[in-house]
Amino acid sequence: MDISLKYEDYKILVTNKDNSVEETVEAEISLPEYMPEILRVIKVNAEPQIVSCRLVGERVTVDGACRLLMIYTAEDGCIYSFSQTRQFTRHCEKSEFADAIDWNAQAKVSYVNFRATGTKKAEIKAGINIQFNVYAQHLQQILSVPAECKVEKKESHIEAFSLGCKKTKNFSMSDTVSLGTPAAYILGTRATAVITETKKINNKLMLRGEAVGEISYVNSDNRSVVEHLIHSVSINQIVEVEGLEEHFEGSVTLTVKAFDVLPKGEHGNSITAVDLSFGIDACVTMWERKNYSIISDAYCTETPVKLDKKDNKFLDSLCEIKDTYICDNTFTVSGEGVDCVVDSTGEISNLKVSCKDGDVLLEGELCLSLVVKDTAATLTEIKKIFELCYKKHIGVSNDSVFCEPQVSVLSVKCSVKNQSTIDVRGEILVSGSVSGEISINSVSKITEVDEPLHKPRLPVTVYFPECEEESLWDIARRYNTTVTAIAEENILSGETTENLKVLFIPSA
């Protein structure tokens with residue numbers, strides 16, 4: 001007898017994230033003649049960005065740049081800054097990357113060291129951690145048996161999410177902004193991007209959102225004052241995603257990989273406008289909701305068969321998180337009293353994600369850097385670390401729950417409560433998908449066995465159930481007949497013996 005089997009593909013997303021390399025960038029600062037000597041260094045920054053990320057064969061390569069910035073005061077009490085940009089190229093190579101369907105990279109600062117080598121010279125050294133994220137598609141075959149094939153099968157029906165498409169698309173945006181007050185020096189830059197709406201059109205995605213760029217700069221008219229500019233640019237972008245279909249479900253997250261601020265409209269020694277340029281990654285992950293029939297047991301009434309089984313994993317729930325978490329804190333400052341907060345920045349580190357009892361828990365640290373002016377008019381950098389604990393009930397309680405959130409700092413606002421106390425309010429965006437996974441042991445292969453088939457000698461066997469409700473499937477399998485034949489013979493509508501004292505089992 002020919003046992004014809006069919007298979008349906010179930011697509012699984014495999015994430016390879018344990019790939020990171022360290023890059024060291026260095027700069028030897030020599031201040032030009034027109035800049036005054038260093039009295040005291042206030043702060044040293046490293047601002048890395050990813051310019052491009054490409055995959056060739058088994059190697060993922062990134063090109064990036066890192067701006068090394070020194071902020072200092074001189075004898076005149078004014079604030080000055082000087083920066084140098086260093087290019088870098090790094091790669092990560094693994095054999096499994098050859099099957100990748102998507103890839104991207106992130107760069108974060110590990111450390112920044114500074115050493116003054118003279119009144120107008122210094123050395124800056126920074127460590128950059130580059131994280132490579134590589135994604136592959138694994139095909140899991142789900143066995144099905146055609147109706148014409150005389151194989152009895154025990155099935156369960158589930159609704160699951162099969163991978164539809166996964167792709168990171170990059171796009172750029174720019175805008176020119178006039179400064180309210182002229183700038184002498186750019187001190188710091190940061191940017192975020194938020195998506196508010198997505199719409200699928202054929203194999204294209206229409207994205208709507210907002211990119212927000214923030215810069216801090218020294219006021220050209222009063223060089224002891226730091227100004228802030230926050231400028232938003234509307235995102236109305238169409239990106240083409242291969243394999244995308246309108247019925248897919250999923251998420252899109254935006255990450256600013258590069259943010260350049262270029263002086264424009266310089267008037268004398270002042271900057272009156274800047275060009276803001278954003279390089280943004282749109283990370284698209286889409287799923288297809290489908291129904292699957294899972295065979296957990298099978299046998300044949302005409303020939304002995306052998307079953308191979310394996311555990312199959314299915315994504316059977318999917319939901320999205322898009323939430324704003326507010327981190328409110330207060331801390332005290334020792335030494336001279338604080339007059340005002342000149343500048344403040346924050347970033348997330350040591351992020352850990354866990355899922356339990358239908359809750360998603362994010363724990364980490366908000367690393368805060370403030371430049372404050374004390375009552376003696378001295379500028380000082382203060383670093384503080386605050387614990388983060390975000391909890392969201394999502395109601396998914398499967399065998400395993402996974403969440404890969406994107407967590408970014410939207411804003412950090414600091415205010416002086418009194419001369420020894422500072423209030424901090426951090427606005428943090430948490431977005432991403434939460435998926436529930438179940439594991440089902442199922443039949444993966446049915447093979448005919450070359451041995452005699454044992455059938456009942458009588459056309460009908462009288463059977464006395466051993467308990468109140470026995471499974472008709474177990475009885476039919478034991479006597480090599482069918483559930484349908486037993487049910488019809490005994491006029492049963494359920495899947496058990498239904499408290500029958502006697503059961504008549506016909507041969508198949």
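Sequential numbering from 1 along the given sequence is applied to the chain's residues.
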Should we count CD of Glu242 as having more than 12 external heavy atoms under 6.0 Å?
no

Judged by atom type as modelled, is there a donor-acceptor pair below 3.5 Å linking the side chain of Asn170 to the main-chain atoms of Ile280?
yes

Would Leu361 and Tyr390 count as a side chain to side chain contact (heavy atoms under 4.5 Å, CB included) here? Give the steps.
CA-CA 6 Å; Leu361 181 64; Tyr390 166 86; over 6 Å; no

Evaluate side-chain hydrogen bond (donor to acceptor under 3.5 Å, both in side chains) for Glu404 paired with Ser433, printing each intermediate quantity in order.
CA-CA 6 Å; Glu404 295 184 353; Ser433 61; over 6 Å; no

Within a radius of less than 6.0 Å around CD of Glu387, do more than 12 heavy atoms belonging to other residues, nucleotides or ligands occur?
no

How about Glu75: does its CD atom have over 12 heavy atoms from other parts shown lying under 6.0 Å from it?
no

To the nearest 0.5 Å, tell me how far Cys367 SG sits from Asn350 CG.
7.0 Å

Find out whether Ile71 and Val41 are in side-chain contact, i.e. whether some heavy atom of one side chain is under 4.5 Å from a heavy atom of the other.
no

How far apart are the C-alpha atoms of Phe82 and Met35, what are their side-chain angles, what is the distance that settles it, and do they pass the side chain to side chain contact (heavy atoms under 4.5 Å, CB included) test?
CA-CA 9 Å; Phe82 190 80; Met35 295 191 70; 3.7 Å; yes

Taking atom types as modelled and ignoring hydrogens, do the side chains of Ser110 and Asn129 form a donor-acceptor contact shorter than 3.5 angstrom?
no

For Glu210 and Ser232, what are the C-alpha separation, side-chain angles and deciding distance, and is it a side-chain hydrogen bond (donor to acceptor under 3.5 Å, both in side chains)?
CA-CA 6 Å; Glu210 185 179 56; Ser232 62; 3.3 Å; yes

When rounded to the nearest 0.5 angstrom, what distance separates OG in Ser431 from CG in Asp323?
10.0 Å

So which heavy atom on Ala46 is nearest to which on Val109, and how close?
O-CG2, 3.3 Å

State plainly whether the residues Glu37 and Lys120 are in salt-bridge range, i.e. N to O under 4.0 Å.
no

Quick one: sort the Tyr292 and Tyr10 rings into parallel, tilted or perpendicular, breaks at 30° and 60°.
perpendicular

Electrostatic pair Lys413-Asp423, nearest N-O below 4.0 angstrom:
no

Between Asn219 and Arg223, is there a donor-acceptor pair closer than 3.5 Å when you use the side chain of the first and the backbone of the second?
no

Cationic N near anionic O, under 4.0 Å, Glu23 to Arg90
yes

Where do Val372 and Val333 land on the side chain to side chain contact (heavy atoms under 4.5 Å, CB included) test, with the steps shown first?
CA-CA 10 Å; Val372 301; Val333 180; 5.8 Å; no

Tyr185-Tyr217 aromatic ring centre distance below 6.0 Å
no

Any Lys/Arg nitrogen of Arg190 or Glu214 sitting under 4.0 Å from an Asp/Glu carboxylate oxygen of the other?
yes

Would you find a donor on one side and an acceptor on the other, under 3.5 Å apart, between the side chain of Ser174 and the backbone of Leu276?
no

Salt-bridged, Arg289 to Glu249, with N to O below 4.0 Å?
yes

Does Ser435 reach the side chain of Trp287, with side-chain heavy atoms less than 4.5 Å apart?
no

Using modelled atom types only, decide if a donor and an acceptor are shared between the side chain of Asn202 and the backbone of Lys204 within a distance under 3.5 Å.
no

Please check: side-chain N/O of Ser81 versus main-chain N/O of Ile186, any donor-acceptor pairing under 3.5 Å?
yes

For Ala98 against Glu58, the heavy-atom pair lying closest together:
CB-CG, 3.8 Å

Of all heavy-atom pairs between Asp374 and Asp339, which one has the smallest distance, and what is that distance?
O-CB, 3.7 Å

Do Ser420 and Asn418 get their side chains close enough for a donor-acceptor pair, meaning under 3.5 Å?
yes

NZ/NE/NH1/NH2 to OD/OE distance under 4.0 Å, Lys391 and Asp359:
yes

Donor on one side chain, acceptor on other, Thr168 and Asn104, under 3.5 Å
yes

State whether Trp103 and Lys167 meet the cation-pi test: NZ (Lys) or CZ (Arg) under 6.0 Å from the six-membered ring centroid, and within 45° of the perpendicular axis.
yes

With no hydrogens and no angle check, is any side-chain donor or acceptor of Gln49 less than 3.5 Å from a backbone partner on Phe259?
yes

Salt-bridged, Asp281 to Lys169, with N to O below 4.0 Å?
no

Are the side chain of His138 and the backbone of Lys11 linked by a donor-acceptor contact shorter than 3.5 Å?
no

Looking only at heavy atoms, which two atoms of Ser216 and Asp343 are closest? And how far apart?
OG-OD2, 3.5 Å

Report the distance from atom CD1 of Ile238 to atom CZ of Arg208, rounding to the nearest 0.5 Å.
9.0 Å

Only one of Lys383, Glu347, Lys43 passes side chain to side chain donor-acceptor pair (under 3.5 Å) with Ser369; say which it is.
Lys43

Counting C-beta onward and ignoring hydrogens, is there a side-chain heavy-atom pair between Thr89 and Thr61 closer than 4.5 Å?
yes

Does the side chain of Glu288 pick up a donor-acceptor pair with the side chain of Ser162 at under 3.5 Å?
no

Closest non-hydrogen contact found for Phe88 with Ala65 is CE2-N, 3.4 Å

Arg40, CZ atom: more than 12 neighbouring heavy atoms under 6.0 Å:
yes

Could you go step by step and tell me if Leu207 and Val239 meet the side chain to side chain contact (heavy atoms under 4.5 Å, CB included) rule?
CA-CA 8 Å; Leu207 309 178; Val239 296; 4.2 Å; yes

Atom pair CG (Asn312) and OG (Ser439), whose distance is rounded to the nearest 0.5 Å:
7.5 Å

Donor-acceptor pair between Glu427 and Ser411 side chains, under 3.5 angstrom:
yes

NE2-OG distance between His231 and Ser178, expressed to the nearest 0.5 angstrom:
9.5 Å

Measure from the side-chain N and O atoms of Lys257 to the backbone N and O of Ala105, and report whether any donor-acceptor pair falls under 3.5 Å.
yes

When you check the gap from the basic side-chain N to the acidic O, do Glu245 and Lys200 get nearer than 4.0 Å?
no

Electrostatic pair Lys290:Glu159 at N-O distance under 4.0 angstrom:
no

So which heavy atom on Gly188 is nearest to which on Glu47, and how close?
CA-OE2, 3.8 Å

To the nearest 0.5 angstrom, please state how far the CD atom of Gln137 sits from the CG atom of Asp9.
8.5 Å

Assess whether side-chain hydrogen bond (donor to acceptor under 3.5 Å, both in side chains) is satisfied between Ser224 and Asn222, documenting all intermediate values.
CA-CA 6 Å; Ser224 63; Asn222 185 352; 2.8 Å; yes

Closer than 3.5 angstrom, by distance alone: can the side chain of Gln140 be matched with the main-chain N or O of Lys313 as a donor-acceptor pair?
yes

